[in-house]
Amino acid sequence: MSNSEWINDLINEHDAPTMSDKQRKILEAAIDTFSEKGYASSSTSEIAKKAGVAEGTIFRHFKTKKELLLAIVTPTVAKFVAPFFIKSFAKEVFENEYEHYEDLIRVIAQNRLEFVRKQFPVLKIFIQEIAFHDELREPFQKLFTEHVYQKFKKIIEHFQEKGEIVSLPPETIMRMTASSIIGYILPRFLLFSDKEWDDEKEIDQIVAFIMYGLTGKR
């Protein structure tokens, strides 16, 4: 998805009555700049230059650089991350029945991979900045707790009751599962995006790795 498509999605969902052409250009330039250089290393002057506007124009629309950051990422959380967890992730992943826990892992990995592939430009900014801004971190934590945690926990407990996976705390198994999947996706898109990746093979290996840790079986 191009940055212009991102901007259109954000505007159409949230700010259509008030968003001007200049604001569009500023947001698109900010996404490019923040994604490439990070928030702390970006300046409003280079964003203005890329957007083709005077630097003062940015501050007429966004009072601070942080407000500009939040204008990009907060709607992304609301429009993309929230619906993903509430509708796509929670419904398509956690409301299905699985014969084995490894089937769930595979679906989560495939779902996450495709999501990041499509939404990467703004998600990159979100990943870079979530540790430094409570305004970004707290909504994400709230969404996960309310719409994913209990469903995930229930599925884990189901497979523990069946004797399929070890009796570790469900939270531990969630972390093991999530960290293994994230440990593939982040390097795949952030560090080595120019490498040739065999996603299907990698997911098979992730599933095997997690299940060996939970069952001791290859």
Side-chain angles (χ1 to χ4, degrees), residues 73-74 76-120 122-192 197-218:
V73 181
T74 301
T76 302
V77 173
K79 177 169 169 42
F80 294 108
V81 177
F84 179 74
F85 276 92
I86 296 169
K87 298 176 183 177
S88 301
F89 200 46
K91 183 176 180 180
E92 295 177 11
V93 175
F94 290 104
E95 293 185 9
N96 290 331
E97 293 186 4
Y98 298 94
E99 186 174 356
H100 302 289
Y101 186 68
E102 65 184 86
D103 299 328
L104 171 65
I105 301 171
R106 189 177 305 278
V107 170
I108 293 174
Q110 292 169 338
N111 194 297
R112 293 284 70 192
L113 184 71
E114 188 60 25
F115 177 68
V116 175
R117 193 197 313 277
K118 290 180 179 179
Q119 322 296 357
F120 186 67
V122 175
L123 283 175
K124 182 180 178 183
I125 300 170
F126 180 71
I127 291 165
Q128 290 170 336
E129 304 304 329
I130 187 173
F132 305 105
H133 303 280
D134 291 342
E135 299 93 331
L136 305 183
R137 184 172 57 254
E138 290 171 359
F140 185 86
Q141 292 172 330
K142 186 172 185 290
L143 287 166
F144 181 86
T145 300
E146 291 182 354
H147 301 287
V148 175
Y149 173 79
Q150 289 299 334
K151 291 183 175 69
F152 203 167
K153 181 180 179 183
K154 185 176 180 180
I155 292 175
I156 290 171
E157 290 173 339
H158 167 71
F159 287 111
Q160 287 178 324
E161 289 170 4
K162 288 179 63 178
E164 184 171 312
I165 57 178
V166 294
S167 295
L168 292 170
E171 294 81 3
T172 300
I173 294 177
M174 286 184 206
R175 287 195 299 271
M176 290 174 60
T177 302
S179 61
S180 297
I181 294 171
I182 293 169
Y184 169 60
I185 290 176
L186 290 187
R188 192 240 188 269
F189 287 98
L190 280 176
L191 301 178
F192 307 106
W197 292 92
D198 185 339
D199 291 323
E200 185 174 347
K201 181 179 178 181
E202 294 284 348
I203 289 174
D204 285 342
Q205 292 172 341
I206 290 167
V207 172
F209 176 77
I210 295 171
M211 291 307 300
Y212 182 74
L214 294 179
T215 66
K217 298 177 182 178
R218 295 183 181 274

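Residue indices begin at 1 and follow the sequence shown. Side chains are part of it too, since the values below use all heavy atoms of this structure and drop only hydrogens, waters and symmetry mates.
Between atom CG of residue L214 and atom OG of residue S167 there is a gap of 11.0 Å, rounded to the nearest 0.5 Å. Rounding to the nearest 0.5 Å gives a distance of 8.0 Å between CD1 of I156 and CG of L104. With rounding to the nearest 0.5 angstrom, the CE atom of M211 is 9.0 Å from the NE2 atom of H100. Between T215 atom OG1 and I210 atom CD1 the span is 11.5 Å, to the nearest 0.5 Å. Atom CD1 of I182 sits about 12.5 Å away from atom CZ of R175, to the nearest 0.5 Å. One finds the CD1 atom of I203 at 13.5 Å from the NZ atom of K201 (value rounded to the nearest 0.5 Å).
Of the possible polar contacts, none joining the T172 side chain to the L168 backbone as a donor-acceptor pair under 3.5 Å is found. In terms of modelled atom types and a separation under 3.5 Å, the side chain of Y212 and the main chain of V207 share no donor-acceptor contact.
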- Message: For Y98 and H158: C-alpha separation, side-chain torsions, deciding distance, then whether side chain to side chain contact (heavy atoms under 4.5 Å, CB included) applies.
- Response: CA-CA 10 Å; Y98 298 94; H158 167 71; over 6 Å; no
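Counting heavy atoms from C-beta on, the side chains of I173 and Q160 come closer than 4.5 Å. Within the 4.5 Å cutoff, the side chain of P170 has no heavy atoms near those of the K154 side chain. Side-chain atoms of F94 and V107, non-hydrogen and from C-beta on, never get closer than 4.5 Å to each other.
Between W197 and Y184, the two ring planes are perpendicular [angle over 60°; tilted spans 30° to 60°].
Closest approach of E102 to E164, counting heavy atoms only: N-OE2, 4.5 Å.
With I181 as reference, I206 is the one residue of L186, L113, I206 to meet the side chain to side chain contact (heavy atoms under 4.5 Å, CB included) rule.
Defined by atom type and a distance below 3.5 Å, a donor-acceptor pair is present between the side-chain atoms of T177 and Y101.
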